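Quick notes on the structure that follows.
Excluded from the calculations below are hydrogen atoms, water molecules and symmetry mates; all remaining heavy atoms, backbone and side chain alike, are included. Worth saying up front: this structure is predicted, and the values here are computed from it rather than measured.
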Amino acid sequence: MENVRLNVALLRRKVPNLTSAAKSVGLRPATVSNLCTGKIPVGRAEVRTIIALAELAECSLDDLILRGEKVDMIETKIKAIDLFAPLTKGGTNGLVARPGMGQLVVLAELFYRLKRDGHITLLLSPKGEHPEVQDILEHVDYTVQTTDEAYSKIMGVEAIQEIVFAADRGHVANGTIQELHDKLESVGMTSVTTFLLDLSGQVVDEDLPYGPLETLWQFDADLVARHKFPAINPIQSTSSVLEGAHLDQHHLSIQQRSQKLLRRYRELRSLVQVRGIELLPDTEVQTFKRGERLEAYLTQPFFVAEQFSGIKGEDVEMQAMLEDIRKILDGSYDSAEVDSLSYIGSIR
């Protein structure tokens, strides 16, 4: 089944509480989540799963499965995001993290970059006291208090302008974000890219914390502990853009090779910590060291953090990033010091 995907927007509208609904008909929430993000291609899903989802949404299979439609990405020039879980244009993108893992820094950086590139940035103020959100506000064009106010601002933007909109999970739980999406969809407004985050950190413990998503960024406690930022988990983060029909095959190949290397590197790292690198076979030593270099390369200086890090922010164009990583994977940088690859842009 080439170039097919789930109609996630329809699922989101028809089945707001998809986690409970999926469990009630014997579906695993994780499976449903992976189908929504494209981690499991629709063509590999069990027929009974697709039928069950159509029944939950009270729609036909033709309505649930979109054919021949392209999912576009927004190039952020952030290496870890563009490689492993590209930002879905016009989609809903969720950040899954505990407090202190850097999710607000990533969101502030995305707002900075997207605003610089001509997007209108909009923030729905979270409920309660969250002083840490102040760090984002200088990169926000409009801050609103309600979804009705957000709708008014969005409808007042020129039709040619792209909009990025962020909201805390508190607004998702009470259904107001879904109502906003429904109103925008009803008037044909498809140029709004949504970010959802959870300032409480409870989102980490749930299977479908925001309902269906086009892109999921899972933050990694181990990367945070070792000061590897942005701490985007390269294995668990995913995006519907990664479905083969929507992504350049060279990009997909590099992404898959990188994931394979980092997955094995993580396994070996656990062994090395306990037993030392000397006991690894030579081939595994090579895998470990290349994984170490790739992990270092995926760190990146952010513009919004310049005053704290003392390092100038860096953009990395997609093709430069893919070429750098190809060379790391193929061994061209086997003699490079790991530290020389940390917190740089592209390799010069």
Shortest non-hydrogen separation from Leu35 to Pro41 and the atoms involved
CD2-O, 4.1 Å

Indicate yes or no: at least one non-hydrogen side-chain atom of Glu109 is less than 4.5 angstrom from one of Gln300.
no

Pairing donors with acceptors under 3.5 angstrom, does anything connect the side chains of Asp282 and Gln286?
no

Got a sec: does the CZ of Arg116 have more than 12 other heavy atoms crowding it under 6.0 Å?
yes

Heavy atoms, side chains only, cut-off 4.5 Å: are Leu87 and Phe195 in contact?
yes

For Glu295, which of Arg226, Arg264, Arg290, Arg269 qualifies under salt bridge (Lys or Arg N to Asp or Glu O under 4.0 Å)?
Arg226

Salt bridge between Arg266 and Asp220, side-chain N to carboxylate O under 4.0 Å?
yes

Consider only side-chain N and O atoms of Ser332 and Asp330, and report whether a donor and an acceptor are under 3.5 Å apart.
no

What is the minimum heavy-atom distance between Asn93 and Gly91, and which atoms define it?
ND2-O, 3.3 Å

Would you name the heavy atoms of Leu53 and Leu18 that are closest together and state the gap between them?
CD2-CD1, 4.5 Å

Is there side-chain contact between Val164 and Leu110, with heavy atoms separated by less than 4.5 Å?
no

Given side chains that start at C-beta, do those of Asp324 and Leu341 come closer than 4.5 Å, heavy atoms only?
no

Between Thr194 and His181, do the side chains contain an N or O donor and an N or O acceptor separated by less than 3.5 Å?
yes

May I ask you to test the Pro86-Gln255 pair for a side-chain heavy-atom distance under 4.5 Å?
no

Step by step, work out the salt bridge (Lys or Arg N to Asp or Glu O under 4.0 Å) result for Lys127 and Asp168.
CA-CA 8 Å; Lys127 297 182 181 301; Asp168 179 62; over 6 Å; no

Backbone N or O of Gln218 within a donor-acceptor pair of the Ser237 side chain at under 3.5 Å?
yes

Going by the angle between their ring planes, with limits at 30° and 60°, are Tyr265 and Phe288 parallel, tilted or perpendicular?
tilted

Judged by modelled atom types alone, do Thr215 and Thr88 share a side-chain donor-acceptor pair under 3.5 Å?
yes

Look at the side chain of His251 and the backbone N and O of Asp82, then say whether any donor-acceptor pair between them is shorter than 3.5 Å.
yes

Salt bridge between Glu292 and Lys289, side-chain N to carboxylate O under 4.0 Å?
no

Going by heavy atoms in the side chains, are Ile177 and Thr147 under 4.5 Å from each other?
yes

Around atom OH of Tyr151, are there more than 12 heavy atoms from other residues, nucleotides or ligands closer than 6.0 Å?
yes

What are the two closest heavy atoms between Val316 and Ser346, and how far apart are they?
CG2-N, 3.7 Å

On a heavy-atom basis, which atom in Asp72 and which in Val241 lie closest, and how many Å separate them?
O-CG2, 4.1 Å

For Gln273, is the CD atom crowded, meaning more than 12 foreign heavy atoms sit under 6.0 Å from it?
yes

Below 4.5 Å, heavy atoms only, C-beta onward: do Trp217 and Phe84 meet side chain to side chain?
no

Would you call His171 and Leu180 a side-chain contact if the rule is heavy atoms closer than 4.5 Å?
no

Only one of Arg348, Arg113, Lys77, Lys79 passes salt bridge (Lys or Arg N to Asp or Glu O under 4.0 Å) with Glu314, and that residue is Arg348

According to a hydrophobic-cluster definition based on side-chain heavy atoms being under 4.5 Å apart (Ile, Leu, Val, Met, Phe, Trp, Tyr only), do Val32 and Leu61 belong together?
yes

With clusters defined by side-chain heavy atoms of hydrophobic residues (ILVMFWY) lying less than 4.5 Å apart, directly or transitively, does Leu10 cluster with Ile50?
no

Give me the atom names and distance for the closest heavy-atom approach of Met321 to Tyr297.
CA-OH, 3.5 Å

